[in-house]
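See below for the structure under consideration.
Worth saying up front: this structure is predicted, and the values here are computed from it rather than measured. All chains are named by letter (A, B, ...) in the order of the sequence lines, taking the proteins before the strands, and each is independently numbered beginning at 1.
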2 protein chains.
Amino acid sequence: MLALSATSEIVCESPRNVFALPLPARRDDMSAPLTEQLAQSSPSVYTAREDLFLEGDESSHILEVVEGVICAYRLLPDGHRHVVSFYFAGDLIGYCSQSTHTFSAQALTKVRVRRIPRHLLNQLIETRPQFARRLLKLAADELTVTREHMLCLAAKSAEARMAVFLLALSRRNRDTGADQSRIELPMTRVDIGDYLGLTIETVSRTFSKLKRAGVIALPRTTTVLIRDAAELEALAQG
Amino acid sequence: MLALSATSEIVCESPRNVFALPLPARRDDMSAPLTEQLAQSSPSVYTAREDLFLEGDESSHILEVVEGVICAYRLLPDGHRHVVSFYFAGDLIGYCSQSTHTFSAQALTKVRVRRIPRHLLNQLIETRPQFARRLLKLAADELTVTREHMLCLAAKSAEARMAVFLLALSRRNRDTGADQSRIELPMTRVDIGDYLGLTIETVSRTFSKLKRAGVIALPRTTTVLIRDAAELEALAQG
DNA sequence: CGGCAACTTGAAGGAAATCAACGTTAGTGG
DNA sequence: CCACTAACGTTGATTTCCTTCAAGTTGCCG
């Protein structure tokens, strides 16, 4: 029921790629009363392209994604948009942020989230030091993943960035038991571009290039089939 | 004596720029016995360009920078180097990372650091929930700062990145009571380039361009004088 | 079937990388 | 103190990759 306690243990020690974070929850390692308190809050539902919150909003709750995909983004004064991260089922959003949100969050698909009041989180930290350590581990892992993405933006070509991106989605599939070689993209080309620091044209062209090279196939615009994972890994290196 | 407890309160609520993190410590808000335990460890000293640790090394301690500047970096298979962050006096390194370091750390100047054993940190988390919350806050702030830098790399021009970088250093000066308009660069052009995702040539050219425009002056290669802070702010926007 | 949004593709332009040469500074030893 | 050297920094010319601008095309939903 509650992912908080479980996820941190499943996370790999040194995540190499983005989206390498959480997995489905176990419920046996939390104190029962608190688990129930957290579980009480019934999931909120959002439809595609609906904003869950905006940058600057009061963040009295943290969110656990139960179903669907969420896009965290920021709008810049010059009109640019930057996608900070994508969050999938099992992920936590805003669990360690300021008193106001530092980014906006938009549903990419139909989304169900569980809202956990921050004061309850603080209460858990007070009473269960184990819990605090796990939360710290989660924060540390998100930091590592963010740095990995930063490195990607600082030092890699469009092709390499796309390869890293696709491999991250592929690994996420593997970790959730889905087909590694078949990726359903819940996000548009604009979302991908804003995430990778590229224009939609470059994203599209790079997809075409990878397709021409036989590395991937694109039966539909939202479906990527990985044909040559080894080559994709090589391209991801740079 | 110990920065851990104090820094988190001084950190601004939503840091807008890198290097906006910690400030000198206060000691009054920690339980005395533990403070003393932490203070016992006498600072280690490193000379310029000496590595404190390498990526992959066991990280049994976290480091508090007492004096000097440290450069966190990663070496990529393709020979590229990426500078993750710079750490200044008062900053904490590796306080929330994996069991092995996810980046290497090198002294840019003579450096003194206090080494705090991780097990002691865990002990503090167990016994002092306040402490755990503060550590979480520190992690959250570093995440926010990292995301800010990521945005910079993803969406800004060479000129804008340099402007953001210089303003961050300027703000750090202000926060430590030093001259806002006079920046002593402890890092080389290579370090700056690897941090901003630019080549040394571009870094150098951008410095020259800013100088020509009267935005900054460069009496020496390691000294930047900010002549037109407003214009620099404008350039930082993009 | 029409209309619109998302995506693709092509051509031209620009920002930064690369390649190459020259200056400058700091550190060393005569 | 000065000459020498090597690392660091600057500047210029050229190339490359990605962006921008501009049409098309596809696919979805009424």
When you match Arg189(B) and Glu159(A) each to their closest nucleotide on DNA chain D, which lands nearer the 5' end?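 On the 5' side of the pair lies Arg189(B).
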Upstream residue (5' side of DNA chain D) when His80(A) and Thr221(A) are each assigned their closest nucleotide: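 On the 5' side of the pair lies His80(A).
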Determine the contact category for Thr188(A): base if any of its heavy atoms lies under 4.0 Å from a base atom, sugar-phosphate if only primed atoms, P, OP1 or OP2 are that close, otherwise nothing.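 Touches sugar-phosphate only.
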Within the 4.0 Å heavy-atom criterion, would you say Gly197(A) contacts the bases, only the backbone, or no part of the nucleic acid?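 Sugar-phosphate, backbone atoms only, no base.
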Compute whether any side-chain donor of one residue and acceptor of the other, for Arg118(A) and Ser59(A), lie under 3.5 angstrom apart.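 A pair is found: one side chain offers a donor N or O, the other an acceptor, under 3.5 Å apart.
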Taking atom types as modelled and ignoring hydrogens, do the side chains of Glu55(B) and Ser104(B) form a donor-acceptor contact shorter than 3.5 angstrom?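 Checked: Glu55(B)/Ser104(B) side chains show no N/O donor-acceptor pair below 3.5 Å.
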Do the charged groups of [X] and [Y] touch, with an N to O distance under 4.0 Å?
| X | Y | answer |
| --- | --- | --- |
| Arg171(A) | Glu233(A) | yes |
| Asp191(A) | Arg81(A) | yes |
| Glu159(A) | Arg205(A) | no |

Counting only N and O atoms by type, is there a donor-acceptor contact under 3.5 Å from the side chain of Asp51(A) to the main-chain atoms of Leu54(A)?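 No; zero donor-acceptor contacts below 3.5 Å.
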Between the opening five pairs and the closing five pairs of the helix from dC1(C)-dG30(D) to dG30(C)-dC1(D), how far apart are the helix axes, to 10°?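 The value is 40°.
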Using 30° and 60° as the class boundaries, would you call the ring planes of Tyr87(A) and Phe103(A) parallel, tilted or perpendicular?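 Parallel, since the angle between the ring planes stays under 30°.
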Distance in angstrom units between [X] [atom1] and [N] [atom2], rounded:
| X | N | atom1 | atom2 | result |
| --- | --- | --- | --- | --- |
| Glu201(A) | dT9(C) | CD | P | 12 Å |
| Lys211(A) | dT8(C) | NZ | P | 7 Å |
| Phe207(B) | dT24(C) | CZ | C1' | 16 Å |
| Leu218(A) | dT9(C) | CG | C1' | 15 Å |
| Leu198(A) | dT8(C) | CG | P | 14 Å |
| Asp191(A) | dC7(C) | CG | C1' | 13 Å |
| Arg205(B) | dA17(C) | CZ | C1' | 9 Å |
| Arg161(B) | dA16(C) | CZ | C1' | 9 Å |

Could you walk me through whether His82(B) and Tyr195(B) pass ring pair (Phe, Tyr, Trp, His ring centres under 6.0 Å), step by step? CA-CA 6 Å; His82(B) 175 240; Tyr195(B) 179 64; 7.7 Å; no
Please evaluate residues Ile93(B) and Phe53(B) with respect to the criterion side chain to side chain contact (heavy atoms under 4.5 Å, CB included), reporting the C-alpha separation (whole Å), side-chain torsions for both, the decisive distance (0.1 Å), and the verdict. CA-CA 11 Å; Ile93(B) 307 180; Phe53(B) 56 80; 4.0 Å; yes
Nearest of dA16(C), dA26(C), dT8(C) to any side-chain atom of Arg220(B)?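 Closest of the options to the side chain of Arg220(B): dA26(C).
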Walking along DNA chain D from 5' to 3', note the first and the last nucleotide with an atom under 4.0 Å from a heavy atom of chain B, and give both.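 Terminal contacting nucleotides, 5' to 3': dG9(D) to dA13(D).
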